[in-house]
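Since we're looking at a predicted model, the values are computed, not measured.
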Amino acid sequence: MKPDEISAYSHPVKVSTLSASLTNLHLEADARALEALARQWNVTEVRSLKAELQIARWKKDGVRIKGRVMADLVQECVVTLEPVENHIDEPVEATFVPDGSKLARALTIETAEMVVDPDAPDAPDIFIGDTIDIGQTVAEHAAMAIDPYPKKPGAAFPDHIESTDKDDKRPNPFAVLKDWKKD
């Protein structure tokens, strides 16, 4: 999300109020936020968005969040356009560091080659000031779990005919020349 965009669901937390020990946090979106999320995610309806999180300070000046995000939403079936109910239950793990942190500077150093390990934890997100928006993080994790092609059970294209190997064979561009010299 771009910094100038307003998040559909927001729950700001002041970093200075967090302790080094784990803090449990239960988040639940209200009706206004659910409507805004449905528009943002381009789904028919978002019925619920909840998160059970543990928040703690990380290293010297960072914050680590772990937990689960759950959502119930309604989408249109890509085949029949009928409503399809989906349930999301995804893990959330995020780390935040302030803009001036040494950890943040290490992320911005440009090198000639970048090695990305898909199994490694994500790089920390950078926050500015003393506040992080945990609601936005929860909404982003839920959005990534939305099925891009929801399909109602048993839905199929009834008049859809699969192509055969003969249909998929590329025509020979020189086939039109075979009768050219017969005159």
Side-chain angles (χ1 to χ4, degrees), residues 1-13 18 22-56 58 63-97 107 114 116-128 131-170:
M1 176 175 282
K2 296 176 184 170
D4 57 339
E5 289 182 20
I6 297 174
S7 177
Y9 180 57
S10 181
H11 186 89
V13 172
L18 295 174
L22 288 177
T23 302
N24 291 321
L25 181 63
H26 172 79
L27 298 179
E28 189 165 349
D30 61 10
R32 182 191 59 77
L34 295 175
E35 289 175 16
L37 287 168
R39 286 190 302 274
Q40 185 179 42
W41 295 343
N42 198 24
V43 297
T44 306
E45 178 184 7
V46 179
R47 294 187 174 160
S48 69
L49 175 65
K50 300 176 185 177
E52 296 294 335
L53 306 171
Q54 293 181 330
I55 305 169
W58 181 70
V63 176
R64 175 162 280 167
I65 300 169
K66 285 186 178 185
R68 296 203 76 72
V69 61
M70 291 83 55
D72 290 306
L73 50 103
V74 178
Q75 298 175 267
E76 285 184 349
C77 173
V78 295
V79 177
T80 65
L81 300 179
E82 294 178 30
V84 177
E85 294 182 13
N86 284 326
H87 177 74
I88 294 171
D89 187 350
E90 290 289 317
V92 174
E93 189 168 339
T95 306
F96 297 88
V97 294
L107 296 174
M114 178 182 233
V116 177
D117 181 4
D119 297 325
D122 291 339
D125 291 321
I126 297 171
F127 67 92
I128 298 171
T131 306
I132 57 173
D133 191 350
I134 295 174
Q136 182 177 348
T137 301
V138 166
E140 288 172 356
H141 278 77
M144 288 188 291
I146 293 174
D147 183 359
Y149 303 105
K151 190 171 140 187
K152 195 166 187 117
F157 292 107
D159 296 332
H160 181 69
I161 300 172
E162 294 294 328
S163 62
T164 63
D165 288 340
K166 181 182 174 190
D167 296 333
D168 291 341
K169 191 174 183 179
R170 261 181 77 166

Do Gln75 side-chain atoms and Asp147 backbone N/O form a donor-acceptor pair below 3.5 Å?
yes
Are the side chain of Asp133 and the backbone N or O of His11 linked by a donor-acceptor pair below 3.5 Å?
yes
Nearest-0.5 Å distance, CD of residue Glu85 to NZ of residue Lys152
8.5 Å
Write down the atom of Ala145, the atom of Glu90, and the distance for their closest heavy-atom approach.
CB-CG, 3.4 Å
Any non-hydrogen side-chain atom of Glu93 less than 4.5 Å from a side-chain atom of His141?
no
What distance do Ile146 atom CD1 and Asn86 atom CG have between them, rounded to the nearest 0.5 Å?
9.0 Å
Less than 4.5 Å apart, any side-chain heavy atom of Val84 and any of Lys151?
no
Might you point out which heavy atoms bring Trp41 and Ala139 nearest each other, and give the distance in Å?
CZ2-O, 3.4 Å
Closest non-hydrogen atom pair, Tyr9 against Leu49:
CD2-CD2, 3.9 Å
For Asp30, does the CG atom sit with more than 12 other heavy atoms under 6.0 Å from it, leaving out its own atoms?
yes
Do Ile134 and Val63 make a side-chain contact, defined as non-hydrogen atoms from C-beta onward lying under 4.5 Å apart?
no
Interatomic distance, NZ@Lys66 vs CG@Leu22, rounded to 0.5 Å, equals 9.0 Å
Shortest non-hydrogen contact between Asp72 and His87, atoms and distance:
OD1-ND1, 2.6 Å
For the atom pair CD1 (Ile132) and CZ (Phe96), what is the distance rounded to the nearest 0.5 Å?
5.0 Å
Note: Ala8 and Gln40 closest approach over all heavy atoms is CB-OE1, 3.3 Å
Non-hydrogen atoms of Ala29 and Ala33 that approach each other most closely
CB-CB, 4.0 Å
I need the Glu76 CD to Leu81 CG distance, nearest 0.5 Å.
5.5 Å
Measure the CG-OG1 distance between Asp125 and Thr137 for me, rounded to the nearest 0.5 Å.
6.5 Å
Check: Val78 and Pro150 side chains under 4.5 Å, non-hydrogen atoms
yes
